[in-house]
Protein chains: 2
Amino acid sequence: MGSSGRRERLRAETTAEIKKVALALMASGGPDAITLRAIAREMGMTANAIYGYFATRDDLVTTLINDVYTALADSVDAAWETVPATDPAIRIGAWATAFRTWALVNPQGFRLIYGDPVPGYHAPEGGPAPDAARRVCTGLTALAAAAWPHAQHLYEDSAFDWSDFDPGLLDKVRPAFPDLPPAAVALALRIWGHLHGLVSLEVYGHMHTQTTSPEKLFQEELAQLVQMLGVPRRS
Amino acid sequence: MGSSGRRERLRAETTAEIKKVALALMASGGPDAITLRAIAREMGMTANAIYGYFATRDDLVTTLINDVYTALADSVDAAWETVPATDPAIRIGAWATAFRTWALVNPQGFRLIYGDPVPGYHAPEGGPAPDAARRVCTGLTALAAAAWPHAQHLYEDSAFDWSDFDPGLLDKVRPAFPDLPPAAVALALRIWGHLHGLVSLEVYGHMHTQTTSPEKLFQEELAQLVQMLGVPRRS
DNA sequence: GCATAAACTTCACGGCGTATAGTTTCTGCG
DNA sequence: CGCAGAAACTATACGCCGTGAAGTTTATGC
């Protein structure tokens with residue numbers, strides 16, 4: 001390959017700049033502002049030049065979704081790990097708070113991941129970022145796993161079966177938590193739903209027309225989360 | 001006014017047709033498919049003719065959001081009322097199930113209401129349909145009110161205050177349920193979040209990459225909903 | 001030094017919202 | 001009836017968008 005490493009390096013740098021500029025446009029103008037022409041304008045290029053790096057605008061958007069989703073997953077994973085494992089309730093609170101905080105700091109990123117990302121965008125099969133999504137769900141399953149000794153008795157009549165879940169998720173979850181039953185994964189998904197719902201209503205401005213303190217609402221949600229997981233509350 | 005009623009009638013008919021065509025386009029191609037040109041094409045008109053009926057595309061979209069949101073509110077209200085008041089648990093289940101069913105039958109409508117509706121759309125102040133949103137929330141508050149005698153003891157340390165809520169919501173809620181404390185409204189909003197989260201993850205296809213039976217997940221959610229509301233379960 | 005491939009530009013097409021100006025058609029009044 | 005005026009609609013144009021085809025420059029490897 002010789003000095004062709006130079007070409008590759010330049011190429012990688014340009015690719016990175018395209019993504020950087022695209023993310024900046026998104027942050028300031030929402031996902032809709034991610035247009036090839038605007039990116040090119042910002043970079044002093046022609047819009048068509050971008051086609052040398054991404055086959056289509058949807059490809060670029062898919063890549064961005066993956067990156068942003070991965071950033072979210074990193075963020076919540078990190079929050080989880082910075083708190084000692086001794087108190088599950090605190091770890092759970094840290095995870096959920098990190099989730100909401102990330103969404104409020106990166107509302108446009110949240111929309112990109114979970115909303116209709118961009119005009120006319122059609123996701124490739126199975127969604128653009130199932131891996132990152134599963135990382136998030138795995139994190140939630142870790143919540144459930146940490147609390148399962150306490151929570152178990154609350155979900156004894158749960159009717160879930162391994163076949164109710166996506167194999168791709170189970171491949172990540174079952175090896176990590178070998179003793180966990182299907183009911184715990186179902187619980188994790190439901191918790192995902194609870195948090196996603198409150199946060200997305202907030203990010204999209206729907207909650208704002210009902211309450212002036214979504215923060216307080218989320219705190220009460222955290223309290224109930226701890227209850228759902230059967231973790232003994234500390235006063 | 002004389003026979004100018006004719007003009008008005010024609011005008012109203014054309015307005016209705018624009019909305020009908022727009023909704024049909026949305027149902028088949030998603031909110032993105034709502035374009036003035038496509039509507040006009042479908043109606044054998046010029047795109048600019050629509051400007052005689054709606055000042056701008058955003059105005060049309062706002063009207064559609066109101067209509068669709070109202071349809072959703074009607075749907076859940078109706079489900080609530082078709083079930084006798086004798087068993088709160090069944091009424092609650094009916095309401096929540098109607099919510100999810102409506103969303104699954106009208107996924108594009110759900111996206112229109114709760115997602116980024118359409119490329120470049122900017123909602124007018126306070127969101128386009130706060131009234132319909134508050135109708136939904138009022139319905140949820142009715143859930144909480146119906147169960148409050150049972151639920152009360154679960155939320156005695158709730159720190160909510162009337163000032164935590166939007167006056168527009170309280171105007172609808174407080175007269176209807178004079179004895180209800182702020183904690184019950186907070187509970188209603190949290191339940192809204194729970195249901196919205198599960199349903200929106202499902203509608204946007206995120207749940208599908210994790211579980212093969214979102215239905216079952218929602219059923220378990222219903223069971224917990226009944227618990228949250230402290231309603232005695234029937235086996 | 002030169003053939004080749006990669007990077008990039010130019011031009012073009014159709015789609016979008018919408019502003020402006022012009023045309024047709026209907027209404028109500030004398 | 002005839003005719004002003006309003007209402008409904010069309011025509012044209014501008015600047016956005018994604019993207020395809022073809023041409024040009026620039027760096028690479030032999």
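Every heavy atom of this structure was used, including side-chain atoms; hydrogens, water molecules and symmetry mates were not. Residue numbers start from 1 in every chain, and the chains themselves are labelled A, B, ... in the order their sequence lines are given, proteins ahead of strands.
Scored by the side-chain contact (heavy atoms from CB on, under 4.5 Å) test, A:Ala96 finds A:Leu195, A:Phe218, A:Leu222, A:Leu225 as partners (sequence neighbours excluded). Partners of B:Thr62 by side chain to side chain donor-acceptor pair (under 3.5 Å), not counting sequence neighbours, listed by chain and number: B:Tyr121. Applying the side-chain contact (heavy atoms from CB on, under 4.5 Å) criterion to A:Ala142, with sequence neighbours excluded, gives A:Trp80, A:Phe177. By the side chain to side chain donor-acceptor pair (under 3.5 Å) test, B:Thr141 pairs with no residue at all, sequence neighbours left out. When the salt bridge (Lys or Arg N to Asp or Glu O under 4.0 Å) test is applied to B:Lys216, the partners found at least two apart in sequence or on another chain are A:Asp164.
For the OP1/OP2 pair of C:dG14 and a distance below 4.0 Å, the side-chain nitrogens and oxygens of B:Arg41 include no atom meeting the criterion. A:Thr56 has a side-chain polar atom (N or O) that falls below the 4.0 Å cut-off from OP1 or OP2 of D:dT19.
Counting only residues at least two apart or in different chains, ring-ring contact (aromatic ring centres under 6.0 Å, His included) contacts with residues 39-66 of chain A are absent. Under the salt bridge (Lys or Arg N to Asp or Glu O under 4.0 Å) criterion, no residue pair touches residues 36-47 of chain A, with sequence neighbours excluded. Applying the salt bridge (Lys or Arg N to Asp or Glu O under 4.0 Å) test to every pair with at least one member in residues 98-109 of chain A, sequence neighbours left out, gives these pairs: A:Arg100-A:Glu202, A:Arg100-A:Glu215. The stretch residues 136-145 of chain A participates, sequence neighbours left out, in no salt bridge (Lys or Arg N to Asp or Glu O under 4.0 Å) pair at all.
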Measure all distances between protein nitrogen or oxygen atoms and nitrogen or oxygen atoms of nucleotides 8-11 of chain C, and list the pairs falling under 3.5 Å.
residue : atom : partner : partner atom : Å
C:dC8   : OP2  : A:Tyr53 : OH           : 2.5
C:dT9   : OP2  : A:Thr46 : N            : 2.9
C:dT9   : OP2  : A:Thr46 : OG1          : 2.9
C:dT9   : O5'  : A:Thr46 : OG1          : 3.2
C:dT10  : O4   : A:Asn48 : ND2          : 2.7
C:dC11  : N4   : A:Asn48 : ND2          : 3.3

Using a cut-off of under 3.5 Å, enumerate the N/O to N/O pairs linking the protein to nucleotides 5-7 of chain D.
none

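Looking only at distances, no side-chain donor or acceptor of B:Thr97 sits under 3.5 Å from a matching main-chain atom of B:Ala94. The backbone N or O of B:Ala38 sits less than 3.5 Å from a side-chain atom of B:Thr35, completing a donor-acceptor pair.
Distance A:Tyr121 OH to D:dG18 C1': 16 Å, rounded to the nearest Å. Rounded to whole Å, the distance from CG on A:Asp58 to C1' on D:dG20 is 16 Å. Rounding to whole angstrom units, CZ of residue A:Phe54 and P of D:dG18 are separated by 14 Å. In this entry the distance linking CD of B:Glu8 with C1' of C:dG28 reads 14 Å, nearest Å.
Within residues 17-28 of chain B, no residue has any heavy atom closer than 4.0 Å to DNA chain C.
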